[in-house]
Each structure stands twice: as C-alpha cells, then as structure tokens.
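Everything numeric here is computed off the predicted structure, so don't read it as measured data.
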Amino acid sequence: MSSVSDRSAEELLRDLVAIPSLSRHESEAAEFLRAWMATFAYDESFVDEAGNAVGIMGSGPRQIVLLGHIDTFAGFPPVRQEGRLLYGRGAVDAKGPLCAFAVAACRARLPEDLQVIVIGAVEEEAATSRGAHYALSQYQPESCVIGEPSQWDRITLGYKGRLLLDWHWEGGLSHSAGEAPSPAERALTYWRDIETYCDDFNDGIASLFARLDASIRDINTWQEGVNGIAEMMVGFRLPPKVAPAQIAREFPAGDGARVTARGAECAFSGDRNSALSRQFRRAIRASGGVPRFVNKTGTSDMNIVGPRWNCPIVAYGPGDSALDHTPDEHTNLDDYLRAIDVLTSVLETI
C-alpha cells in the first residue's frame, strides 16, 4: 500500500486528461500512467503487448481486475478547471473512473490473498476493443469492475449489444428527371426498412434497455465517372436476447448493393445480488450515498469480458455519462474522491 493524497489523486486525473489519447493513439497516455503507478509503488507496472497500461498490487491467488480504458472519443476541448469541475476529453469517459481505480488500488489495505490488476485498456472507443480482447487471454479474475461513469453512488449492471452495418451501392447514374432512384434515395430506402423493423419490434416496449435502437452513423454519396456511389453506416443497439447475427440476417443488401456486418457484441448484464454488488452497495452507503442500479443503452468492455470471465462483474466510476463525447465533458472532483473512497472500501472487504 502506498499513500496517495487527495491532491495527488486530482493531479493524476488532470495530467492524464491533458494527454490526447484517441483510439489507436494511446501510447503517450499509457506510458504516463505506467510511470505514475511505478512512482506510487505498484508491485508491477508495464505497458503490455496490446498497448494497455497495467499495474498490479498484491500477489495473492485471488484476482480482481479493474478494467478501465485510456482511449477517448474524438475531439479535444480545452482542459480547464472551474471550481471543483474539471473539463476535458476523458474527464468522464473514462479517465475519471480509470484514475479512481489507480488511486484506490494504492490506498487499499489489501487482504493477503488478493491481487488487484488495474488495466487502462486501449481501443475501447473503437469497434475493435483491442485492449479488452488481449486482457481476456491474460487474466482469470474472480471479480471484475469495469471503469465507466455511473456517478459515484450508482452501480451499472449491464449494457446493450451492438452491431454495425456498412452498406455500399454503386451503379450507373441516370437523369434526375427520370424514374430511377438516385444513390442517396437507394440508401434511404434501405434505412426506412430498418426504421420500420425497429418500430414494429419496439411496439409496446417502454424500457429503453429492452428496445431495439438504430441510427445512421454516417452517409455519403458521390460520383466517379458515369457511376454514382452511396455509402452508409448504420449502428444498432441490441437488447438482451437479440443476437447480432439475427439482425444482420434481417437486412441483406439487396438492390445490387453489398453490406458488411462488424463490431458485433451481445448485450450483457451482471448479477445484482453478487458478493461484488453487495460490497459496492455497502461502501456507497458508508460514504453517505443511496446506491442505485442502472443499465446502459451503449456498450462497454463488459460486453467482451463478462461472458468469457463469467465472474461477478459491475461497472462503476465517477462522472455523468450524459456528458460522454460532448464538448462540455466535465467531472466533479468531489465525486471523483468519493468514488475512490468507495472503491478502496470494496477492495479492502471483497
């Protein structure tokens, strides 16, 4: 155990947020976190073959993995502090939770039989999730906490699944006064079929977590010689029991187009009554909060490691997820410190 003051904890977050770390460009941030963990007396700290920053405390046979991510969404709004609010890309999603992990592992008086592994994973914001996939082959924890913003007094149990469809059409152009549909119209016809399917599926379903959601992520048309080209990327958020392959089969390309499915992840939920969940609830109450459970409509690395590790798992971390990816992304440093206290208590009593 190494002492990390509140001031040092806040400096860690400010410094890490100040380092740009888009997916596939995380090396500077990963090395910074590795060096910080070495300075604060982690038993081991290294950057692994996938590029993840990894710190290990303790040597017991029982492993708990704290799996955060060090990459961020695109854009780099100015890093600044106004009172107790820290602004900057990653302050919420998800360097705040990751830094809370790193500090808590230092502060906790760990049981002798416990080993804590803190991972700042790469490419979580990309469909590849390279860091989490690599971690799958390296560890077999008895419990896992995913570092995602839930607010300090909430516990995230599950995430919806995901599927991306890349649709492409190319063919001869015709006069705009003719009857043949334009490339853009062909793309919108494909999209309307998806909208209709989702509307029918969701009829009578009130829960956001149980709904099938689709959105156009990108759409472009252009001309090359005598041909027109249209491309569109459609993203699906999948509820439990809806497999990505099922949705892919529902929407073949048709109309001379081609479609490629990728980024497939099934929805996943942890057990709300697990020992890990109970410890989080106890620790939140001890810090003066009223614990609540939430399910998220996005995806996280829980979708990847949850089914494979098959252990008690939750997602936890400071910050309001409504601020993810926004120009106004910011976190409350007081809530960040409260989350560290909760995590420290969980590690000491799990």
Gln223, CD: over 12 other non-hydrogen atoms inside 6.0 angstrom = yes
inquiry  = Looking at Glu82, I'd like to know if its CD atom is crowded, meaning that more than 12 non-hydrogen atoms belonging to other residues, nucleotides or ligands lie closer than 6.0 Å.
reply    =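 Enclosed: over 12 neighbouring heavy atoms sit under 6.0 Å from CD of Glu82.
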How many angstroms lie between atom [atom1] of [X] and atom [atom2] of [Y], to the nearest 0.5 angstrom?
X: Glu195; Y: Ser215; atom1: CD; atom2: OG; answer: 10.5 Å
X: Lys296; Y: Ser269; atom1: NZ; atom2: OG; answer: 12.5 Å
X: Arg272; Y: Arg281; atom1: CZ; atom2: CZ; answer: 7.0 Å
X: Ile146; Y: Thr156; atom1: CD1; atom2: OG1; answer: 10.5 Å
X: Arg14; Y: Cys99; atom1: CZ; atom2: SG; answer: 11.0 Å

Closest heavy-atom pair and its distance - [X], [Y]:
X: Ser277; Y: Ile155; result: O-CD1, 4.3 Å
X: Leu98; Y: Ile119; result: CD1-O, 3.6 Å
X: Arg89; Y: Thr326; result: NH1-O, 2.9 Å
X: Ala127; Y: Gly263; result: CB-CA, 4.1 Å
X: Ala187; Y: Ile219; result: CB-CD1, 4.0 Å
X: Pro141; Y: Cys311; result: O-CB, 3.7 Å

Heavy-atom donor-acceptor pair, [X] side chain to [Y] backbone, under 3.5 Å:
X: Asn202; Y: Leu212; value: yes
X: His330; Y: Asp328; value: yes
X: Asp71; Y: Val122; value: no
X: Ser137; Y: Tyr134; value: yes
X: Arg262; Y: Leu165; value: no
X: Ser274; Y: Pro312; value: no
X: Trp309; Y: Ile304; value: no
X: Asp43; Y: Gly58; value: yes
X: Asp335; Y: Trp152; value: no
X: Asp48; Y: Ala50; value: yes

Decide yes or no for [X] and [Y]: does some side-chain heavy atom of the first lie under 4.5 Å from some side-chain heavy atom of the second?
X: Ile117; Y: Ile64; value: no
X: Arg338; Y: Ser287; value: no
X: Pro20; Y: Leu22; value: no
X: Leu13; Y: Leu333; value: yes
X: Pro77; Y: Glu329; value: no
X: Leu110; Y: Val116; value: yes
X: Val103; Y: Tyr336; value: yes
X: Met37; Y: Leu33; value: yes

From CA spacing to verdict: ring pair (Phe, Tyr, Trp, His ring centres under 6.0 Å), Tyr159, Phe268 = CA-CA 6 Å; Tyr159 289 84; Phe268 184 85; 9.6 Å; no
inquiry  = Show, in sequence, the C-alpha distance, side-chain angles and deciding distance for Glu31 and Arg34, and conclude whether the salt bridge (charged side-chain N to carboxylate O under 4.0 Å, His left out) test is met.
reply    = CA-CA 5 Å; Glu31 174 55 28; Arg34 182 213 63 77; 2.8 Å; yes
task = Decide side-chain contact (heavy atoms from CB on, under 4.5 Å) for Ile70 and Leu16; before the verdict, give the C-alpha distance in whole Å, the side-chain angles of both, and the deciding distance to 0.1 Å.
result = CA-CA 9 Å; Ile70 202 163; Leu16 192 59; 4.3 Å; yes
Is [Y] reachable from [X] through a run of hydrophobic residues whose side-chain heavy atoms are each under 4.5 Å from the next?
X: Ile247; Y: Met233; value: no
X: Met232; Y: Leu164; value: no
X: Leu114; Y: Met57; value: yes

query = Going through the distances and angles, do Lys160 and Asp213 end up as a salt bridge (charged side-chain N to carboxylate O under 4.0 Å, His left out)?
reply = CA-CA 10 Å; Lys160 293 177 83 165; Asp213 299 317; 2.9 Å; yes
For the residue pair [Y] / [X], report whether a side-chain donor-acceptor contact shorter than 3.5 Å exists.
X: Lys95; Y: Thr331; value: no
X: Thr299; Y: Arg237; value: yes
X: His69; Y: Asp301; value: no
X: Ser8; Y: Ser5; value: yes
X: Arg62; Y: Gln115; value: no
X: Thr128; Y: Glu123; value: yes

key: Worked check of salt bridge (charged side-chain N to carboxylate O under 4.0 Å, His left out) between Arg217 and Asp166   = CA-CA 10 Å; Arg217 304 288 185 85; Asp166 293 316; over 6 Å; no
message = If the threshold is 4.0 Å, N to carboxylate O, is there a salt bridge linking Glu10 and Arg84?
response = yes
query = Quick one: do Asp320 and Arg154 make a salt bridge, cutoff under 4.0 Å?
reply = no
Worked verdict on Glu231 versus Trp167 for side-chain contact (heavy atoms from CB on, under 4.5 Å) = CA-CA 6 Å; Glu231 289 186 342; Trp167 179 92; 6.0 Å; no
request  = Indicate the ring-plane relationship of Phe251 and Tyr190, choosing parallel, tilted or perpendicular according to the 30° and 60° boundaries.
outcome  =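 Geometry flag for Tyr190 against Phe251: perpendicular rings.
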query = For Thr349 and Arg282, what are the C-alpha separation, side-chain angles and deciding distance, and is it a side chain to side chain donor-acceptor pair (under 3.5 Å)?
reply = CA-CA 10 Å; Thr349 58; Arg282 181 201 58 76; 3.1 Å; yes
request  = Any chance you could lay out the side-chain contact (heavy atoms from CB on, under 4.5 Å) test for Asp93 and Thr72, step after step, and finish with the verdict?
outcome  = CA-CA 7 Å; Asp93 186 19; Thr72 69; over 6 Å; no
key: Cation over ring face, Arg80 and Tyr87, 6.0 Å, 45°   =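 Yes, Arg80 sits over the ring of Tyr87.
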inquiry  = Trp36 vs Phe40, test: ring pair (Phe, Tyr, Trp, His ring centres under 6.0 Å). Steps then yes/no.
reply    = CA-CA 6 Å; Trp36 186 93; Phe40 282 90; 4.4 Å; yes
request  = Go through the steps for Val305 and Leu67 under the test side-chain contact (heavy atoms from CB on, under 4.5 Å), then give the verdict.
outcome  = CA-CA 10 Å; Val305 302; Leu67 178 59; 3.9 Å; yes
